[in-house]
Amino acid sequence: MTTTPVDPGPPVDPVPQEAAQERFDATIARGDRIEPRDWMPDGYRRTLVRQIAQHAHSEIIGMQPEGNWIGRAPSLRRKAILLAKVQDEAGHGLYLYSACETLGVSRAELTELLLAGRQKYSSIFNYPTLSYADVGTIGWLVDGAAICNQVPLCRTSYGPYGRAMIRICKEESFHQRQGYELLMTMMRGTDAQRAMVQESVDRFWWPSLMMFGPPDAESPNSARSMAWGVKRNSNDELRQKFVDMTVPQAEALGVTLPDPDLRWNDERGHYDFGEPDWAEFAQVVGGSGPCNAQRLAHRRAAHEDGAWVREAATAFAERSGKGGQ
Ligand SMILES: [Fe+2]
Ligand SMILES: [Fe+2]
């Protein structure tokens with residue numbers, strides 16, 4: 001890729017490290033934003049690069065499972081909706097790569113790290129899409145889980161990330177709605193369509209719960225991310241919020257969520273639910289999920305196929321006297 005890394009440059013007002021740290025801590029404590037030219041601890045910068053890159057990669061890799069159905073959409077209307085949704089995901093990836101570049105790492109470097117397997121993307125996209133109902137289920141459950149994760153990130157402490165999330169969240173709610181609407185339409189259709197929806201929900205329910213990451217007790221970086229205001233809620237809090245939000249929607253749809261332990265707990269004021277299969281999660285995150293190899297191979301091929309476009313864009317920019325794009 002030909003993008004030039006954005007050099008965050010020296011702090012505008014260089015101050016001794018201790019004073020800089022105090023200023024940083026005070027900004028976080030006030031709930032204000034840290035901006036690209038502000039001093040920040042190395043760990044904060046590294047955490048953000050890892051998280052924003054992983055998020056950007058997820059948006060781009062996440063285009064594959066749904067893109068799989070664009071050519072087989074059952075009507076022009078469904079095709080237009082799905083195309084718009086998948087294009088939104090490409091846009092989300094671009095906002096997020098741009099936010100990451102303000103931390104001094106280029107999109108080209110991030111892409112290399114992804115292709116080398118040194119940065120991750122969300123494990124959910126390593127599951128296959130086997131029927132058109134999966135387009136609805138992904139919108140409803142996967143984009144629904146993404147919304148639970150991402151709404152609090154609009155208030156994250158790093159300015160460019162938070163601002164990117166505001167726009168992304170608006171589009172995610174369209175994604176969730178279109179999925180729900182597709183499933184509702186199918187549930188009002190034939191027995192075969194209803195069975196197709198149920199089979200899809202059975203496959204995607206548990207992987208959707210895994211999207212919030214491991215339980216809090218096994219998520220060692222979470223506490224530090226929360227102290228820095230990068231994360232605003234723990235994995236388990238967000239998972240609970242997602243379950244509480246989704247169960248009434250499942251009832252309205254008329255689908256059964258595949259969890260025998262799922263029931264309302266009056267005392268807690270929340271739904272109780274079973275434990276996801278964390279061994280499966282570890283396996284998929286570790287690279288052995290059903291589609292890991294296919295997703296990365298497809299991404300690598302797309303990157304290689306696009307090399308001539310990047311070269312042409314660079315040559316054009318140089319000829320126009322802009323010295324790279
Ligand atoms: Fe997205
Ligand atoms: Fe989305």
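Quick note: numbers below take in every heavy atom, side chains included, and nothing from hydrogens, waters or symmetry partners. In each ligand, atom 1 is the first atom listed, and ligand 1 is the first ligand listed.
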Say whether Gln198 and Asp202, considering side chains only, have a donor N or O and an acceptor N or O under 3.5 Å apart. yes

Quick one: do His298 and His303 satisfy ring pair (Phe, Tyr, Trp, His ring centres under 6.0 Å)? Show the steps, please. CA-CA 9 Å; His298 189 88; His303 187 64; over 10 Å; no

Considering non-hydrogen atoms only, spot the tightest contact between [X] and [Y] and give its length.
X	Y	result
Ala252	Met184	O-CE, 3.7 Å
Ala164	Leu96	CB-CD2, 4.4 Å
Arg232	Met226	O-CE, 4.0 Å

With sequence neighbours excluded, tell me which residues meet side-chain hydrogen bond (donor to acceptor under 3.5 Å, both in side chains) with Tyr161. Gln51, His55

What protein N/O/S atoms lie closer than 2.8 Å to the Fe ion (ligand 2)? Glu89 OE2, Asp143 OD1, Glu172 OE1, His175 ND1

